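Beneath this line is the structure, given in structure tokens, with notes to follow.
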Amino acid sequence: MPHIALGGEDRTDEQRDLRMELRRLLTRLWSDDHARELADGDRTTGAKLAAVLEHDIALGALLVPEELGGHGGGCVEAAVAAEELGAASAPSRLLGDAMSAHLLATSGDAELHRRLRRVVEDGVPAAVVWPAQDATWDLHQIHPVEITGAGASGRFRYVAEALDAALLLVPARRGAEFGLLLLDLSREGSGVELHPAKGADVLRPLGGLTVAGPTGEWVGLAEPQRVFTETVALGAIVLAAEMIGAARSCIERMATYAGQREQFGRTIGSFQALRHQIVDALVAWEAARAMTYRAAAGFAAMTRGTARIDDVEPMARMAKAAASDALGEASETCIHVYGAIGFTWENPVHLAFKRWAASAQIFGSPTEQRVRVCQHAIINAGGRAGGALRVAG
Amino acid sequence: MPHIALGGEDRTDEQRDLRMELRRLLTRLWSDDHARELADGDRTTGAKLAAVLEHDIALGALLVPEELGGHGGGCVEAAVAAEELGAASAPSRLLGDAMSAHLLATSGDAELHRRLRRVVEDGVPAAVVWPAQDATWDLHQIHPVEITGAGASGRFRYVAEALDAALLLVPARRGAEFGLLLLDLSREGSGVELHPAKGADVLRPLGGLTVAGPTGEWVGLAEPQRVFTETVALGAIVLAAEMIGAARSCIERMATYAGQREQFGRTIGSFQALRHQIVDALVAWEAARAMTYRAAAGFAAMTRGTARIDDVEPMARMAKAAASDALGEASETCIHVYGAIGFTWENPVHLAFKRWAASAQIFGSPTEQRVRVCQHAIINAGGRAGGALRVAG
Amino acid sequence: MRSLTTGLALTAQQAEMLDELNRYLDEHFPPEHEGPSGSTPEWDSDEEYEWNRRFNARLARDGWLTVHWPEEYGGRGLTPMDNMLVREQLSYRRVPICNANGLDMLAPILLQLGTKEQKDAHLRKIALMEEHWCQGFSEPEAGSDLTSLRTTAIRDGDHYVVNGSKIWTGHAMRAEWMILLARTDPESRGSRGLSLLMVDLRNTPGVEIHPIRSMTGAVTFCQEFFTDARVPVENLVGPEHEGWRASQRLLEHERVRAANSALYRRDVDDLVEAVVARDVVDRATQAALGHMIERVECARALTYDIATELSETGRFAPHAPSVTKILNSRLGGDLTRLAVDLLGLDVCSYRADDANWDFYQEFLFSPVSRLGGGSTEIHHDIIGTRYLGLER
Amino acid sequence: MRSLTTGLALTAQQAEMLDELNRYLDEHFPPEHEGPSGSTPEWDSDEEYEWNRRFNARLARDGWLTVHWPEEYGGRGLTPMDNMLVREQLSYRRVPICNANGLDMLAPILLQLGTKEQKDAHLRKIALMEEHWCQGFSEPEAGSDLTSLRTTAIRDGDHYVVNGSKIWTGHAMRAEWMILLARTDPESRGSRGLSLLMVDLRNTPGVEIHPIRSMTGAVTFCQEFFTDARVPVENLVGPEHEGWRASQRLLEHERVRAANSALYRRDVDDLVEAVVARDVVDRATQAALGHMIERVECARALTYDIATELSETGRFAPHAPSVTKILNSRLGGDLTRLAVDLLGLDVCSYRADDANWDFYQEFLFSPVSRLGGGSTEIHHDIIGTRYLGLER
């Protein structure tokens with residue numbers, strides 16, 4: 001199967017190496033059969049893969065700064081890993097790990113830094129509890145956990161990668177102060193209720209979460225809003241890259257199949273109408289891929305202090321929207337190119353189709369992203385023109 | 001050139017005859033050369049055509065009830081005529097004539113009926129002054145001319161077919177009462193200012209209109225809102241049918257050309273990708289055409305008293321939106337199929353392309369129509385569910 | 001219970017017929033049996049299927065399933081337009097039609113080409129769900145290119161001996177009979193030498209049926225293997241070796257069914273209701289939903305035109321089936337994708353009422369609409385070459 | 001005056017260069033000379049064209065038009081990425097580039113294949129607008145199928161004698177020189193036996209130029225007739241009979257230009273401003289505009305990748321030009337149609353600032369973007385067959 005790529009996505013040797021290592025490892029450990037076993041409800045092979053990813057590549061430490069015991073990777077490295085995992089239809093905890101690492105590292109809080117170091121050392125599966133349905137990425141517009149004298153209380157309908165986490169990082173509010181509630185699920189038994197939620201994507205089960213009672217550990221944050229918006233933007237870029245990977249695999253599969261399957265005495269790829277549909281999926285994918293890595297590079301620059309979240313946030317939104325559409329188009333076209341075979345459980349394309357139904361919605365649908373990208377541009381235009389911002393809900 | 005049609009649009013012999021007569025007449029009198037002359041600014045051939053249309057078919061009397069001296073045609077007949085005029089890129093006053101006839105006839109006012117009879121007898125070019133930018137079709141949401149002791153005052157940025165009209169029917173308001181201001185331009189010189197407005201469609205110049213001072217003749221209406229909404233809905237259906245005609249001509253032209261022009265040693269229509277684009281234009285057209293005649297039949301039923309404007313209005317909106325998209329697709333694809341030749345002034349396709357830019361917008365863009373179609377469905381759903389209507393602007 | 005409005009000028013008889021039907025359904029069809037896409041081969045449970053099978057038989061007995069059939073076969077002798085009006089209401093009410101292959105594909109062909117004996121033997125049983133039919137056309141190597149099919153049915157005395165395999169056969173796991181397209185002239189190629197045979201799946205030795213699990217998780221299709229399966233010659237429909245044209249007519253009948261557009265109208269109405277129940281509806285959502293309503297109503301307008309034409313002249317324009325097929329197959333995909341987009345992560349847990357379907361299942365089923373009954377590419381070519389006269 | 005943000009991690013030098021350029025433009029380029037699509041062959045008036053011609057020459061003299069050229073030809077020896085950054089700003093500021101055929105198509109080929117004499121003779125003059133170039137490729141019977149071209153250039157001593165006709169040549173009405181693709185081997189067919197020649201249009205007897213009026217109402221293209229027109233052999237670019245590959249390279253250079261995406265960003269920013277100035281912006285409009293911004297930024301991200309690759313490795317992926325061409329040509333159409341939709345009937349009277357362009361003119365010009373430089377169908381085939389390896 002040919003690997004497609006416009007070239008130029010890996011700017012450093014480290015990025016190239018990471019991609020190649022993951023590709024080798026996934027080729028060896030994670031076949032379509034494994035993905036199907038997972039879809040059939042067997043989670044043991046998934047656990048084995050997770051162990052190898054943790055042991056051989058220490059994926060959980062990828063975004064942790066070197067001084068805190070991690071690899072010191074940035075958002076581009078996270079995107080590289082997410083793309084390869086997505087292309088292989090492999091389950092992983094990359095989203096939760098990456099968001100947790102960024103949240104704890106960027107907080108500037110010494111206690112949280114120590115906590116992050118322990119997370120890395122002990123290989124603790126962590127997750128940021130941000131409502132998956134939220135499109136605002138704004139701490140002031142979600143309902144954080146409320147902390148009062150009686151304890152904490154809050155409810156999240158859908159959270160990603162919380163179900164098998166041991167440490168939950170929950171946006172919280174105490175009076176007028178915003179911060180973080182740390183829930184160590186290995187220690188505390190009471191007050192936290194987690195339950196699986198119905199979802200489309202077997203590779204990333206969603207959980208519902210209720211917090212009630214005297215539980216967890218409160219940490220105030222100096223810049224809570226910035227820290228959380230950055231963290232969700234990172235999550236969006238990781239999701240985008242994962243969808244880019246899934247879409248790549250669809251395009252590679254359908255190009256291969258269209259070059260082999262014959263009807264009317266010719267390969268079906270020789271029919272211009274079908275060939276052009278595959279090309280259209282590729283063109284949309286190239287554009288979304290470029291945008292995703294541009295957003296990842298922008299995020300990395302922000303982490304280095306040479307870019308602002310105000311500029312990175314719209315890039316992350318555009319990447320997420322474009323990657324969603326690219327995966328929607330690639331997976332649907334792939335099913336169509338395979339004909340009825342594409343509609344079977346046996347053919348793994350449906351995993352990408354279902355992943356789209358979930359990933360395109362997490363942290364806001366493409367339409368929600370676009371509305372906010374435009375609002376960002378309107379604020380700029382309004383600033384320039386000196387006019388007031390006039391936007392209808 | 002083949003004439004395309006799914007069949008079934010003409011339900012009566014009268015409709016078939018009207019279509020065939022117009023087709024014969026336009027084939028004889030109105031070639032591409034005439035349309036080009038018009039686009040070059042020569043209005044004399046257009047005037048000749050108008051005279052023949054008036055003399056041979058009395059198009060102005062088409063929608064006037066027989067008891068008032070007209071043909072007694074309905075909205076379906078108007079759609080048939082509009083489609084054929086649109087297909088020929090022929091200018092006409094059909095929109096203004098049809099709207100005026102309906103407004104005057106449906107008012108139930110004896111004085112207005114007498115007026116309509118005179119309009120038919122004398123062949124007076126009449127137009128309804130409804131703001132072309134309005135998408136609400138609602139007398140209470142536009143700014144009608146205000147009539148006070150000092151006279152009438154009002155302003156309309158774009159009005160269709162007013163420039164060469166002799167009688168203008170203007171929505172007006174006197175205190176709490178709504179009605180009609182009749183402006184006889186042949187008699188009165190003062191108070192009315194008409195000036196050409198820049199527009200895309202050479203076949204239907206738009207005019208700006210200002211009314212100021214003691215002018216015109218006030219007629220109160222029993223059901224002003226219903227009467228005007230019906231009139232604008234009729235206008236929308238006529239515009240839809242005209243666009244259906246223009247799109248048909250584009251499809252016929254490109255199918256013919258694609259079957260003749262050769263590249264790579266084959267006709268270009270033998271390339272599946274191009275052939276399917278032509279088919280897509282045809283499919284969109286068939287659907288829009290069916291909707292347009294369904295709306296026209298619905299309007300005719302309403303005129304006969306067997307349907308309600310509440311049900312006909314969304315049909316008119318859907319017809320207008322679908323026909324707009326069909327013409328946009330057909331004209332753009334036609335230009336593309338012709339290659340660079342399609343981009344020349346010599347080739348008449350640009351008239352259809354430009355007509356789209358204007359007609360799709362008059363009485364509301366497709367998006368505006370769709371928003372209101374949905375609001376109509378929400379009102380129905382809200383009524384059923386007992387819930388309140390909750391719609392954001 | 002709400003009903004579907006036509007926006008047409010109906011005759012008094014038609015209006016009364018639809019009122020009667022809706023009253024009938026209010027009384028006899030409880031909402032908990034509402035189903036997914038009109039003629040789905042998937043069912044929540046065997047019990048659900050059995051209930052609907054019985055209800056379909058009852059509908060037939062009470063005269064609602066075949067109003068356009070001649071009275072001698074249990075119909076009311078009404079027009080195709082009348083039948084379309086009835087079927088639209090049934091679709092809109094989410095009444096599953098279990099035996100679409102029998103009712104809407106085989107029956108019109110039998111009425112046209114069948115012998116008196118064949119009509120007597122099968123038509124009533126089709127309507128009454130005593131014979132559930134499936135359609136054996138596709139083969140592993142003959143999908144879009146149906147004329148390359150290899151299954152043979154070689155004459156041997158008063159039987160045809162069938163060998164080969166059919167695949168992607170919806171309903172086969174429940175069906176008693178199959179309309180089989182097979183090569184009766186072993187020397188032939190392409191579309192010549194094919195014949196249509198009626199095969200009694202349950203009582204013919206040499207027939208094996210293997211279920212196929214689809215991406216929805218359910219068994220949607222089957223593959224069938226024929227090994228020296230003997231089919232009586234009296235089960236040949238139409239002339240021998242000339243089954244291709246009949247099979248194409250049969251597919252055309254499938255394509256011009258109004259059921260899809262009316263069901264889509266129900267889908268979009270349910271979606272509007274779901275969206276209104278969740279939150280304030282913003283204009284981006286209004287524009288998207290309004291556009292979907294418009295597309296559905298355009299498709300309905302087109303099917304009305306076709307049914308009117310069929311009722312008045314007995315035929316329809318040659319490209320009409322392909323045009324409706326393209327419109328409906330696109331609607332199927334786009335509508336369910338819009339539902340996923342508007343309901344978001346709730347799409348899997350949302351259920352309209354307490355019925356046997358949800359938008360997520362319809363979404364998973366939607367790729368079939370682009371392929372089944374001939375891919376959209378095939379239909380584009382049919383219109384482009386046969387109607388517009390362009391070269392292939 | 002606003003400038004375009006890149007969202008890239010620029011070097012200090014690059015950032016300073018762009019700041020300097022923007023200050024330069026603030027000082028020397030008055031907004032009333034802002035133009036329509038970056039390299040339009042249409043001009044409001046001769047005066048406007050003359051002003052821009054002089055300003056382009058000035059840009060070249062001040063080192064802004066060819067930063068990636070070698071210093072000996074007036075460049076600054078910077079990278080293709082640096083040039084892209086500069087061109088993006090120029091595009092965003094609506095500075096018309098008069099001589100795009102010379103600068104971006106012929107010059108890269110001359111730098112690669114030209115003789116020392118050819119480079120010395122033409123490169124500086126191209127930059128300084130002393131030679132305005134056009135590109136003579138298409139013929140009446142050779143549009144998409146460029147290899148079927150019939151114009152011949154037969155060697156006769158130290159000249160080629162040219163006979164035939166070229167058409168759809170933008171800029172020909174203003175140009176002094178043409179890059180001509182013609183058949184130098186009269187026995188050849190297809191893509192073999194073609195050569196690239198530089199033709200002095202003004203001083204070669206036997207050359208006639210006829211203007212063609214386009215749907216915009218202006219003269220956009222010309223048709224040229226060659227009758228025994230004699231071109232010196234030293235005007236052959238690259239090897240004789242092997243002009244096809246060079247011409248394809250030349251077109252690729254046209255396609256990867258960043259100019260389009262940056263101009264589209266300006267278009268969409270202007271549209272946002274126009275919409276904000278008119279009314280409250282509803283969410284349907286926000287979603288449409290946000291989607292357009294996203295598509296523009298995706299296209300920009302892709303051109304950045306290509307320019308980086310070109311700067312680092314001297315080449316780009318084989319399908320890169322076709323991918324950017326497809327993206328940009330769709331953007332061209334969809335963006336102007338959105339402008340028509342959002343500005344409504346005002347689109348003809350709306351003018352951003354008091355510049356030489358408006359959205360309606362861009363709308364009328366947009367069909368060209370789907371065709372020029374190879375139709376989107378051709379580019380789909382290039383990607384599908386040459387990159388994905390599918391059969392034709």
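All of these numbers come straight from a predicted model, not from anything done at the bench. We name chains A, B, ... by the order of the sequence lines, and we start the count at 1 in each one.
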Review point. Do NZ/NE/NH1/NH2 and the carboxylate oxygens of C/Arg266 and C/Asp270 come within less than 4.0 Å?
Key: yes

**Study point:** Part of C/Arg315 lying under 4.5 Å from any heavy atom of chain B
**Key:** neither

Point to revise | Top contributor to chain C contacts, counting heavy-atom pairs under 4.5 Å, from B/His276, B/Met291, B/Arg304, B/Gln272 | key: B/His276

Review point. Is any NZ, NE, NH1 or NH2 atom of the basic residue among B/Arg16 and B/Asp13 found under 4.0 Å from an Asp or Glu carboxylate oxygen of the other?
Key: yes

Exercise for review: Could you tell me which of B/Glu368, B/Arg294, B/Met315, B/His376 has the largest number of non-hydrogen atom pairs under 4.5 Å with chain C?
Suggested key: B/Arg294

Check your understanding: Would B/Glu83 and B/Arg248 pass as an ion pair if we require N to O under 4.0 Å?
Key -> yes

Exercise for review: Please state whether the side chain, the backbone, both or neither of B/Thr267 comes within less than 4.5 Å of a heavy atom of chain C.
Suggested key: both

**Study point:** Side chain / backbone / both / neither for C/Ile326 at chain B, heavy atoms under 4.5 Å
**Key:** side chain

Revision key, fill the gap. Residues B/Ser249 and B/Ala87: closest non-hydrogen pair is CB-O, 3.3 Å

Point to revise | Heavy-atom contact with chain C under 4.5 Å, split by part of B/Gln369 | key: neither

Practice item. Find the one option among C/Leu289, C/Thr376, C/Ile293 whose heavy-atom pairs under 4.5 Å with chain B are most numerous. Key: C/Ile293

**Study point:** Contact origin within B/Ala322 toward chain C - heavy atom pairs under 4.5 Å
**Key:** both

Exercise for review: Could you check whether the rings of C/Phe359 and C/Trp357 sit parallel, tilted or perpendicular, using 30° and 60° as the cut-offs?
Suggested key: perpendicular

**Study point:** Region of B/Arg317 in contact with chain C, defined by heavy-atom distances below 4.5 Å
**Key:** neither

Study note, to complete from the structure: Applying a strict 4.5 Å limit to non-hydrogen atoms, the region of C/Ala287 in contact with chain B is both

Exercise for review: Verify, without hydrogens or angle tests, whether C/Asp82 (side chain) and C/Thr79 (backbone) share a donor-acceptor contact under 3.5 angstrom.
Suggested key: yes

Practice item. May I ask you to name which of B/Ala287, B/Gly259, B/Gly269 has the most heavy-atom pairs under 4.5 Å with chain C? Key: B/Ala287

Review point. Do side-chain atoms of B/Lys320 reach the backbone of B/Gly364 as a donor and acceptor pair under 3.5 angstrom?
Key: yes

Exercise for review: Tell me, for B/Ala321 versus chain C, whether the close heavy atoms (under 4.5 Å) come from the side chain, the backbone, both or neither.
Suggested key: both

Check your understanding: Between B/Asp310 and B/Arg226, is the closest basic N to carboxylate O distance under 4.0 Å?
Key -> no

